[in-house]
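The figures here come from the full heavy-atom set of this structure, side chains too, leaving out hydrogens, waters and symmetry mates. The model shown is predicted, which means the values in this text are computed figures rather than measured ones.
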Amino acid sequence: MTFGAQQTAPGRPPHKSRARKLLPLGVALWVVLEIWLLTLVAGAAGGFTVFLLLAAGVVAGSYVIKRAGRRAWKRLTVQLQSGGAVVEPAPESGGNGLTMLGGLLIILPGLLSDVAGLLCLFPPTRSLLRKGLERRLVRPAAAVPGAFGPVGDAFQQARMRMPDGKVVQGEVVREDVPPASREGAPREGGPQLPR
């Protein structure tokens, strides 16, 4: 795993994906659509109704994030009390990432973000979203080492578990250092042993 910048061939500009180029345009389009929908609802039901919808979204999203955070904290304390053993999430929950994302989307002002947040909260759509995200993130990262940079590599390493859910322990061996110099070399900051 590398933590530095991606190396490119000399004379070649770094590759920018199409999604990276279109992301600002997509965000701008999303914001314009959200504002347009809010003005439509304000024209039909009144400005006070839109204000109540936005306030209810903030309250509901905050509650969802707080509840998901408590679940994550509880799982962490159970894991620490069990001596670091990996505690698998319940099959129906699938972790708290999409639940927290759903709460955040509900907090954001707008009707489309509320609908997207609700899709992240309902179990059938949440499982479909989770499977789709795993397909889009795990397989490309496995096919091309370093495809997502350090974050993708760390994601792949976090997924390296045995089929029974246990983490495989190991140590890092540097291949650029000959084995003879590794064994006799003193450790950094540690006591030096006589040879």
Thr99 OG1 to Leu104 CG distance, which is reported to the nearest 0.5 Å: 12.5 Å
Closest non-hydrogen atom pair between Leu118 and Thr125, with its separation: O-OG1, 4.5 Å
Glu34 side, atom CD; Leu29 side, atom CG - distance, nearest 0.5 Å: 10.5 Å
Contacts of Trp73 that satisfy side chain to side chain donor-acceptor pair (under 3.5 Å) - sequence neighbours left out: none
Shared hydrophobic cluster for Trp36 and Leu112 (ILVMFWY, side-chain gaps under 4.5 Å): yes
Taking every non-hydrogen atom, the tightest pair across Gly117 and Ile106: CA-CG1, 4.0 Å
Identify every side-chain donor-acceptor pair in residues 43-69 under 3.5 Å, counting partners at least two apart or on other chains, and give the distances.
residue: Thr49; atom: OG1; partner: Ala45; partner atom: O; Å: 3.1
residue: Ser62; atom: OG; partner: Val58; partner atom: O; Å: 2.7

Linked hydrophobic residues, Leu119 as query - side chain contacts closer than 4.5 Å: none
Where Gly110 and Leu38 come nearest, the two heavy atoms and their spacing: CA-CD1, 4.2 Å
Closest approach of Cys120 to Gly102 (non-hydrogen atoms, all atoms of both residues): CB-CA, 3.6 Å
Leu98-Leu105 co-clustered via ILVMFWY side chain contacts under 4.5 Å: yes
Which atom of Trp30 lies closest to which atom of Ala116, heavy atoms considered: CH2-CB, 4.5 Å
Leu40 reachable from Ile35 in the ILVMFWY side-chain graph, under 4.5 Å edges: no
Gap between atom CG of Leu133 and atom CG of Leu101 - 0.5 Å precision: 8.5 Å
